[in-house]
Structures are given as structure tokens and as C-alpha cells.
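First the structure, in the form of C-alpha cells, and then the observations on it.
Chain letters run A, B, ... following the sequence lines, proteins first, then strands; residues in each count from 1. As a basis for the values below, the full set of heavy atoms in this structure was taken, side chains included, without hydrogen atoms, waters or symmetry mates. As the structure is a prediction and not an experimental result, all values here were calculated from the model.
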2 protein chains.
Amino acid sequence: MAQLDTVSRILDTAEMLFAEKGFAETSLRTITSKAKVNLAAVNYHFGSKKALIQAVFARYLDPFSERFNEEMDLLESRHKGEEIPLNAVLETLTTTVITMPSPTRNGLSVFMRLLGLAYTQAQGHMRRYLQEQYGSVFYRFTAMVRNASSDLPDVERFWRLHFMLGSAVFTMSSLDALKDIAEQDFNEQTRVRDVVQRLIPFVSAGMSAPIPDLAVSDPASGEG
Amino acid sequence: MAQLDTVSRILDTAEMLFAEKGFAETSLRTITSKAKVNLAAVNYHFGSKKALIQAVFARYLDPFSERFNEEMDLLESRHKGEEIPLNAVLETLTTTVITMPSPTRNGLSVFMRLLGLAYTQAQGHMRRYLQEQYGSVFYRFTAMVRNASSDLPDVERFWRLHFMLGSAVFTMSSLDALKDIAEQDFNEQTRVRDVVQRLIPFVSAGMSAPIPDLAVSDPASGEG
DNA sequence: TGTACATCAGTGAACGCGCGTTCACTGATGTAC
DNA sequence: TGTACATCAGTGAACGCGCGTTCACTGATGTAC
């Protein structure tokens with residue numbers, strides 16, 4: 001195997017370890033010793049641990065959001081003016097995820113887990129960073145979902161969007177564990193694309209589920 | 001406000017802080033100073049930080065799993081022999097969650113977020129602990145879901161169960177943030193029970209979505 | 001009723017450890033004149 | 001072509017800090033005789 005340069009080795013190793021154990025639980029000493037580089041190299045090349053974490057995300061998300069934007073351009077131009085069906089929007093997202101060449105030595109599922117972790121365990125600085133850097137792509141996507149489900153009340157759509165997001169993020173962040181179980185219990189080798197392919201009808205059906213009427217109950221009992 | 005004893009004060013404060021920032025990121029010094037108890041009190045009463053974390057979960061989950069088991073007994077006795085519909089199973093779970101008196105000073109949503117965190121960011125010891133302590137209740141629930149969706153292929157049901165779980169866990173763990181946004185954007189005050197009420201039709205529809213056929217594509221491109 | 005001892009919640013200060021970061025340094029390569 | 005200096009990737013050792021944990025101790029309450 002060709003020896004990668006220090007920067008790439010750090011990024012690959014950090015990505016893998018962060019995905020395995022989280023950010024706080026992974027020390028620079030672990031990263032640098034596994035990557036076979038000097039401890040001080042992280043601070044030399046990235047400046048700080050925080051900056052390393054951001055660099056790990058940027059390496060994947062920068063090309064991803066660029067491609068996703070292009071795919072959304074394409075989708076819009078194919079439906080010039082007409083309404084774009086929800087399934088087409090969802091498939092644009094998943095196709096982008098699946099077909100994007102990985103800028104990483106690690107597989108897609110490692111990054112998926114990382115993204116899931118980031119979303120759930122990210123505190124202050126990370127959340128802000130992701131919001132600032134990639135908020136606009138995310139906003140564009142949600143706007144498309146909104147247009148594709150214009151019959152839904154705004155509040156209902158808001159919650160369902162997050163239910164969708166939850167299914168995706170959670171599944172992705174437990175992907176490796178789930179793949180192992182599926183193989184053990186059902187003797188089935190599941191690829192990332194298969195999971196995504198299963199996810200679409202699930203969330204799509206969820207989005208067009210009947211709207212519940214929320215019983216107004218005794219406000220004194222239970223919590224607000 | 002009546003002064004609670006040291007143990008309760010530690011548990012309440014730890015629960016809140018863990019939910020806010022995660023386990024590794026919350027130090028015993030922060031917990032004990034906010035709880036206004038001595039630093040050494042945690043080790044005196046609980047033995048270690050790990051044991052404190054487990055105690056936080058046990059305080060909520062022990063009564064919860066007991067009640068949930070009772071509710072499942074009741075559900076089964078009401079359907080003696082007949083097939084129990086999926087919606088009834090889901091509603092049994094959510095009713096238990098909503099109506100259970102909180103053993104905690106903090107609200108339901110704090111614990112929900114904690115549970116979400118535990119599931120996504122838990123490493124070794126925590127996962128093992130939850131599995132050992134509450135695995136059987138969870139297993140009983142999934143068995144009920146299986147019986148209520150006997151028309152689904154096993155593999156498909158496996159994945160959908162986790163999609164469901166994802167929606168629930170993710171939503172619950174971001175609940176406070178989402179409630180704030182909903183109030184800001186739609187001027188709507190959402191209670192935990194409302195969110196749960198919205199969640200049921202979503203996941204229920206997802207469970208009975210059409211089954212996708214997974215195209216077998218070129219195995220050389222993309223990842224395994 | 002009084003004395004001696006045991007138990008227990010709680011405390012203040014210190015311990016050793018692993019952490020992210022810093023710093024002076026090396027050695028290779030490039031650039032100016 | 002040769003010399004002096006600049007730039008840059010990388011290094012080894014140390015720094016200070018916050019962490020979980022430990023320990024000797026206090027003071028209140030309970031128990032035995």
C-alpha cells in the first residue's frame with residue numbers, strides 16, 4: 001500500500017476513531033499513534049483538535065454539498081415549473097450519497113456514522129460550524145420537501161421532516177452494528193445502498209400518513 | 001423548595017447535565033458544584049462515575065420497564081389469542097411513557113434526550129448495562145411488533161423497526177430544541193404527548209409501506 | 001442513666017494520570033545574489 | 001558555481017490543567033451493657 005502523506009493519514013485515522021468512539025473520547029495521542037505520525041503533527045497541520053474535527057467533516061461535506069446542489073439544479077431543470085414529487089426529491093438526496101466517490105480511505109458507512117454522531121452529540125462549536133457551512137444546502141433541501149408536500153399543514157410537516165431525519169441519521173449512525181445483526185440473524189449481506197433503498201418507501205409513506213387530531217386533554221396532568 | 005437529600009440532588013443534577021452535554025463532557029466537579037454537594041460525595045454514595053451514570057438510568061428505567069410489562073400483560077389479556085394490531089402495540093408504549101409519573105425532578109423531555117444520547121453515544125459498558133437490565137422488555141416489545149406485522153418479510157421488518165426506533169429516539173433527544181423552533185416558527189406550544197401523538201401515524205404508515213425491490217447492481221462500483 | 005464503641009453521611013485536601021498544547025530544535029529543499 | 005538565508009515538514013520533550021479517585025478525618029446518631 002502506497003504511503004499517504006501525513007495530513008491524509010491523520011484525517012483517515014481520526015475519521016475512523018471519531019466514528020468508533022466519539023470526539024471527546026478519542027485523544028490526539030490515540031490518533032497520532034495509530035496513524036504513525038508525531039503527536040505534535042496534528043497541532044502543526046491543523047492548529048487544534050477542534051480544527052481537526054472540522055477538517056474531517058469538511059473533507060467529506062464540501063464535495064458532497066457541491067454535488068448535491070448540482071443534483072438539485074438538475075432536478076429542478078427537469079421539472080421546470082411543475083411540482084416535484086417527494087420521492088424524486090428523496091431519491092436525489094440518496095443518489096448523491098450513494099454515488100459520490102468517497103474522499104476518504106474509509107467506507108461510506110464510517111462517514112455516515114460520523115454524521116449521525118455529529119448531529120446527536122455535537123455541542124456548541126460543531127453544531128454552529130455545520131450550520132454555518134452547510135445550512136444553506138440543508139435549507140434548500142427542506143424547501144424542496146415543503147413544495148413536494150404542500151398539502152400538509154406547516155406544523156405537521158415540520159415534525160414529520162424531523163421524523164424522517166431521525167430515521168435516516170439514527171440508522172446511519174448505527175449502520176455497522178445493524179448490518180452485523182442482519183447478517184447474523186437473516187444471513188443477509190446488506191449494502192449501504194440497500195438500506196437507503198429500504199428507507200425511502202418507509203419515510204415516504206410516513207410523510208403521507210393521515211393527520212392525527214391531537215386531543216386537548218387536561219392541562220393540569222402531565223407535563224407541558 | 002424543600003431541600004432534597006444528597007443522593008437525589010446528585011441524581012437530578014447529573015441527569016440534567018448529562019442530557020445537556022453528554023457523559024464524557026460532564027465532570028463530577030460540575031455536577032457536585034451545581035448540586036451543592038461535596039466533590040467526594042459521588043464516589044461515597046455511588047462508588048464511581050460509571051455507577052452514577054447507571055444509577056441515573058436505573059432510577060427512571062426500573063419503574064418504567066415494570067409499568068411497561070404490566071401494560072403489555074393488560075394488552076395481551078384484552079386480546080386473548082387474537083392478533084394485536086400494530087397501532088395498539090405502539091399506543092401501549094407511548095401511553096406508558098406519557099402517563100408514567102416521573103421519578104425525576106426534571107421533565108420527561110430531559111430523560112428522553114438522555115435515552116437518545118445513551119443509545120447513540122453509548123460505548124461499551126453503558127450499552128452492555130442497558131442490554132442486560134432492560135433487554136428482555138425490549139425483546140418482548142419487538143416480539144409484539146413482529147406478531148402485529150406478520151405479513152412483512154423478516155429482513156424488511158428488522159430494518160423498519162430500526163427506522164421507527166430512529167424517528168422516536170432522534171426526535172426525543174432533540175425534543176427541547178425542536179419544541180423551541182416549533183414555537184418560534186409556528187407559534188405553537190407542543191407538549192411531549194403531542195409529539196408522540198404525531199409520531200404514531202408516521203411510523204405506523206412507514207411500517208405498512210410497499211416493499212421495495214432492491215435492484216442488484218454492478219457490485220464493482222460503490223461499496224459493499 | 002452513663003459510658004464505650006460502631007456506624008454512617010459527609011468533608012477537604014491531595015494524588016497520579018492523561019489530556020491538548022507549546023517550544024526549541026533538526027534537516028531537507030528552495031531562493032537571491 | 002558558491003554562499004547565505006528563508007521556508008517548511010516534522011520531532012521529542014516538556015508544560016500546565018482538569019480529571020476521577022482516594023484517604024484520613026469530623027461529627028452526629030444508634031446500640032450494647
I need the residues from residues 48-57 of chain B with at least one non-hydrogen atom less than 4.0 Å from DNA chain D; give them sorted by number, or say none. Ser48(B), Lys49(B)
How would you list, by chain and number, every residue that makes a ring pair (Phe, Tyr, Trp, His ring centres under 6.0 Å) with Tyr134(A), sequence neighbours excluded? none
Taking everything shown except Asn187(A) itself, do over 12 heavy atoms lie less than 6.0 Å from its CG? no
I'd like to know if the side chain of Arg67(B) pairs up with that of Thr99(B) as donor and acceptor (distance under 3.5 Å, no hydrogens or angles considered). yes
Residues passing the side-chain hydrogen bond (donor to acceptor under 3.5 Å, both in side chains) test with Asp185(B), sequence neighbours excluded, are none
Considering residues, nucleotides and ligands other than Gln131(A), do more than 12 of their heavy atoms fall under 6.0 Å from its CD? no
Distance check, rounded to the nearest 0.5 Å: Met16(B) atom CE versus Leu11(B) atom CG? 13.0 Å
Indicate yes or no: at least one non-hydrogen side-chain atom of Leu165(A) is less than 4.5 angstrom from one of Phe138(A). yes
Glu132(B)/Arg128(B) salt bridge by N-O under 4.0 Å criterion: no
Does anything in residues 91-115 of chain A pair up under ring pair (Phe, Tyr, Trp, His ring centres under 6.0 Å), and if so which pairs, sequence neighbours excluded? Tyr60(A)-Phe111(A)
Counting only heavy atoms and a strict 4.0 angstrom limit, can you tell me which residues of residues 33-45 of chain A come near DNA chain D? Asn38(A), Ala40(A), Tyr44(A), His45(A)
Take atom CD1 of Ile31(A) and atom P of dC19(C), then tell me their distance rounded to the nearest Å. 11 Å
Glu25(A) CD - dC19(C) P separation (whole Å): 12 Å
Between Glu20(B) and Lys34(B), is there a side-chain N and carboxylate O pair less than 4.0 Å apart? no
Axis-to-axis angle across the helix from dG2(C)-dC33(D) to dC33(C)-dG2(D), five pairs an end, to 10 degrees? 0°
Ser27(A) vs dG18(C): side-chain N/O to OP1/OP2 distance below 4.0 Å: no
Once you round it to whole Å, what is the distance between P of dA9(C) and CD1 of Ile10(B)? 12 Å
Base of dG18(D), side chain of Arg29(B) - is there a donor-acceptor contact under 3.5 Å? no
